[in-house]
Asker: 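Quick one: the structure is below, and I'll ask about it shortly.
These numbers were taken from a predicted model, which means no experiment stands behind them. Order of listing sets the numbers, starting from 1, for every ligand and every atom in it.
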Amino acid sequence: MTELPGPKSRELFARRNSVVSAGVSTAFPVFIERAGGGVLVDVDGNSLIDLGSGIAVTSVGNASPKVVQAVSEQVAAFTHTCFMVTPYEGYVQVCEQLAELTPGDHAKKSALFNSGSEAVENAVKIARHATGRTAVVAFDHAYHGRTNLTMALTAKNMPYKHKFGPFASDIYRVPTSYPFRDAGVDGAAAAARAISQIAVQVGTENVAAVIIEPIQGEGGFVVPAAGFLPAVADWCKANGIVFIADEIQTGFCRTGDWFACDREGVVPDLITTAKGIAGGLPLAAVTGRAELMDAVHAGGLGGTYGGNPVACAAALGTIATMRELDLAGAARAIEETMTTRLRAIASRHPAIGDIRGRGAMIAVELVKPGTTEPDAALTGAIAKACHAQGVVVLTAGSYGNVLRFLPPLVIGQDLLNEGLDVIEAAFDQLAA
Ligand SMILES: *Cc1c(COP(=O)(O)O)cnc(C)c1O
């Protein structure tokens with residue numbers, strides 16, 4: 001309808017700039033009025049194609065009927081009592097669902113929180129308490145959040161950590177498996193490299209937990225080589241180390257399974273979830289082996305809003321929708337469409353060095369043709385060109401050279417293809 005951003009969005013953005021901290025950035029300053037099914041409608045009446053899902057959150061859509069109904073009923077009944085004061089059934093039901101759906105058939109328990117970062121912090125608290133050890137190991141290119149402890153776990157300085165230190169202590173970083181930048185290092189070799197470094201530099205018996213994203217999110221959808229995750233998990237098990245899978249971005253059908261760990265049969269001791277769990281409402285969880293989750297003294301875990309009843313209602317509506325519509329299957333169909341189209345684009349554009357990801361979590365890494373030298377400028381230009389044509393895409397990666405696509409799992413194939421047409425045109429225009 002208008003150029004993007006349109007006049008009303010530009011006016012709102014000026015207001016935003018006078019009252020919102022400059023530290024909070026905006027990727028695409030178009031103000032949204034309604035959204036659903038892969039379409040964002042802005043205040044100027046433009047319809048945008050959503051290939052970002054609010055960073056992997058609205059997997060069931062932005063106003064999914066079961067979520068809307070469950071939330072509406074819960075808001076009308078009560079908005080809050082605090083689960084630590086006077087409990088309610090919704091929290092218990094979410095924990096029952098988590099016990100059933102997360103990897104492994106052992107006895108599991110959960111604790112609910114508000115954000116992914118908070119879940120990660122609590123997973124570390126539980127692992128330290130249960131093991132009586134303090135060291136925590138994370139990986140290169142990892143992203144685990146923006147609070148003090150999770151900044152320490154996150155790898156990338158700009159923008160997440162720059163001048164925000166000092167950071168939490170006893171956090172160590174080791175190399176991951178990054179097939180595109182790691183030619184010749186298979187999963188077993190990459191695991192051996194990481195394990196050797198932990199043993200030498202940290203001391204195996206000092207390690208409380210190893211935390212890993214089964215497929216890295218902000219790091220650029222890096223899928224480790226086959227065998228890497230099982231080898232690290234097995235080594236943790238053999239050494240009494242808590243293996244924490246951070247599935248905040250990969251979980252809840254995003255990668256074509258309920259959880260990304262499912263693909264290689266990896267069973268984490270603790271798993272953190274958030275983002276896709278509740279159709280856009282803030283909810284997060286730590287789920288894990290009952291004996292670990294019960295190791296903490298009563299009152300040691302919690303928070304005023306953790307497992308808010310409205311967010312729990314949204315999660316139950318979300319999970320019911322994922323089951324009913326087989327959204328894991330939908331994610332696999334999205335993978336098929338996206339990788340087929342992206343491979344065709346890559347065949348004409350050698351700037352695409354790698355196409356990777358899984359399910360509805362697909363990325364391309366852009367490089368100077370014929371090398372692995374990152375091309376962040378081209379990546380930014382292509383994202384901008386997509387935005388100008390009304391397609392919401394996100395960038396990622398330690399080197400800022402990854403275009404990532406996270407469509408809602410309920411997006412129609414026609415809309416997805418329309419979005420891919422715009423991406424293709426952007427490459428034809430800018431990568432020639
Ligand atoms: C987004 C994310 C987090 C942090 O979640 P917030 O809700 O933003 O605090 C942690 N880990 C991973 C893998 C994420 O993608």
Asker: Hey, do the aromatic rings of Phe252 and Phe259 have their centres closer than 6.0 Å?
Answerer: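 Yes: the rings meet the under 6.0 Å criterion.
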Asker: For Ser117, take its heavy atoms, then give the atoms of ligand 1 lying under 4.0 Å from any of them.
Answerer: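 Taking each heavy atom of Ser117 in turn, ligand 1 has 4 (C), 5 (O), 6 (P), 9 (O) under 4.0 Å.
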Asker: Using distance alone, determine whether Gln249 and ligand 1 share an N or O pair under 3.5 Å.
Answerer: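 Such a contact does occur with ligand 1.
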Asker: Check the orientation of Phe83 and Tyr91. Use parallel for under 30°, tilted for 30 to 60°, and perpendicular for over 60°.
Answerer: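 Phe83 vs Tyr91 ring planes: parallel.
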Asker: Got an N/O contact under 3.5 Å between Asp246 and ligand 1?
Answerer: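 Yes, since at least one N or O of Asp246 sits under 3.5 Å from an N or O of ligand 1.
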Asker: What residue and atom, counting heavy atoms only, is the protein's closest point to atom 14 (C) of ligand 1, and at what distance?
Answerer: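 Among all protein heavy atoms, the one nearest atom 14 (C) of ligand 1 is Lys275 NZ, 2.9 Å.
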Asker: What closest approach, in Å, do Ala315 and Leu283 show between heavy atoms, and which atom pair accounts for it?
Answerer: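 Nearest heavy atoms, Ala315 then Leu283: CB-CD2, 3.6 Å.
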Asker: Could you tell me which atoms of ligand 1, counted from 1 in the order shown, lie closer than 4.0 angstrom to a heavy atom of Glu213?
Answerer: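 So the answer, numbered in order with elements, is 13 (C).
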Asker: Can you list the atoms of ligand 1 that are under 4.0 Å from a heavy atom of Ser115?
Answerer: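 Ligand 1 atoms under the 4.0 Å threshold to Ser115: 7 (O), 9 (O).
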Asker: Any nitrogen or oxygen of Gly145, side chain or backbone, less than 3.5 Å from one on ligand 1?
Answerer: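 Checking ligand 1 against Gly145, no N or O pair falls under 3.5 Å apart.
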Asker: Between the side chains of Arg146 and Glu218, is the shortest nitrogen-to-carboxylate-oxygen separation below 4.0 Å, so that they form an ion pair?
Answerer: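 Arg146 and Glu218: not salt-bridged.
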Asker: Are a donor atom and an acceptor atom from the side chains of Asn239 and Thr204 found within less than 3.5 Å of each other?
Answerer: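 Short answer, no.
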Asker: Quick test: of every protein heavy atom, which one is nearest to atom 5 (O) of ligand 1, and how far off is it to 0.1 Å?
Answerer: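 For atom 5 (O) of ligand 1, the nearest protein heavy atom comes out as Gly116 CA, 3.2 Å.
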Asker: Answer yes or no: is there an ion pair linking Arg181 with Asp140, defined by an N-O contact shorter than 4.0 Å?
Answerer: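 No, no charged N to carboxylate O under 4.0 Å.
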